[in-house]
Amino acid sequence: MIAADYVSKLAVLAAFAPGESRAVAPFFNLVLVFNKGAAFSFLAGAQGWQTLFFAGIAAVASAVIVFLIFKNSGRKLFCSGLSLILGGALGNLHDRLVYGKVVDFLDLHAAGWHWPAFNVADSAITLGAGILIVESFLHGGRAGDAKKHG
């Protein structure tokens, strides 16, 4: 996932000028934008401290995710979701450390409304979170069973 994110960002950086947009489908454009903030450009307008703040959060979250993967290695679906989140977090962490901002380029839109631009790393994080939600429904009884019998 990290490699796919990295290669896709390099391709967009090489082919687009900042703000340039190209239609791919009636609902989808490729566009080069940079995000100094977090999801939905949260804190993007801050004075620059947010770059290290979000990099620190990504580093701590990555360490926790690695711990959880090793601790739960028998839970394949759970670990798959965590791995996608980890790959996405590390992809965006790389951007923050190298560029001081995250490279976004996927632009979904309909009826004049645009979803905030995102990237492959963001997609991996979202997919990983979805997998964790599904996994919690499939195996959610484990924690409850332990409490009932503990």
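One is the number of the first residue; the rest follow in order along the sequence.
- Rounded to the nearest 0.5 Å, atoms CG (Leu13) and OH (Tyr99) are 5.0 Å apart.
- Leu32 is connected to Leu10 through a chain of hydrophobic side-chain contacts under 4.5 Å among Ile, Leu, Val, Met, Phe, Trp and Tyr, so both are in one cluster.
- The structure places CG of Leu30 at 8.5 Å from CG of Asp107, a figure rounded to the nearest 0.5 Å.
- Hydrophobic clustering of Ile, Leu, Val, Met, Phe, Trp and Tyr side chains at less than 4.5 Å, counting indirect connections, keeps Ile125 apart from Leu90.
- Qualifying side-chain contact (heavy atoms from CB on, under 4.5 Å) partners for Leu82, counting only residues two or more places apart in sequence or in other chains: Ile65, Leu68, Ile69, Phe78, Leu132.
- Put simply, the residue from Ile85, Asp122, Leu84 that forms a side-chain contact (heavy atoms from CB on, under 4.5 Å) with Leu127 is Leu84.
- Under the side-chain contact (heavy atoms from CB on, under 4.5 Å) criterion, Ala25 pairs with Phe27, Phe28, not counting sequence neighbours.
- In this structure, Tyr6 is a member of the same hydrophobic cluster as Val120, with clusters built from ILVMFWY side-chain heavy atoms closer than 4.5 Å.
- Considering every non-hydrogen atom in both Ile2 and Gly87, the closest pair reads CG1-O, 3.6 Å.
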Item to check | Worked check of side-chain hydrogen bond (donor to acceptor under 3.5 Å, both in side chains) between Asn92 and Asn119 | outcome: CA-CA 9 Å; Asn92 283 339; Asn119 57 43; 3.1 Å; yes

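- Once rounded to the nearest 0.5 Å, the distance linking CD1 of Ile131 with SG of Cys79 reads 11.5 Å.
- Environment of CZ in Phe16: crowded, with over 12 heavy atoms of neighbouring residues, nucleotides or ligands closer than 6.0 Å.
- Among all heavy-atom pairs drawn from Ala89 and Ala58, the shortest one is O-CB, 4.3 Å.
- Residues Phe34 and Phe105 fall within the same hydrophobic cluster, defined by Ile, Leu, Val, Met, Phe, Trp and Tyr side chains chained together at heavy-atom separations under 4.5 Å.
- Taking each heavy atom of Ala121 and Asp5 in turn, the nearest pair found is N-OD1, 2.9 Å.
- Under 4.0 Å is where a charged nitrogen must lie from a carboxylate oxygen, and between Asp95 and Lys101 no such pair does.
- Using a 4.5 Å cut-off between side-chain heavy atoms of Ile, Leu, Val, Met, Phe, Trp and Tyr, with links allowed through other members, Phe118 and Trp113 fall into different hydrophobic clusters.
- No donor-acceptor pair under 3.5 Å is formed between the side chain of Asn29 and the backbone N or O of Ser21.
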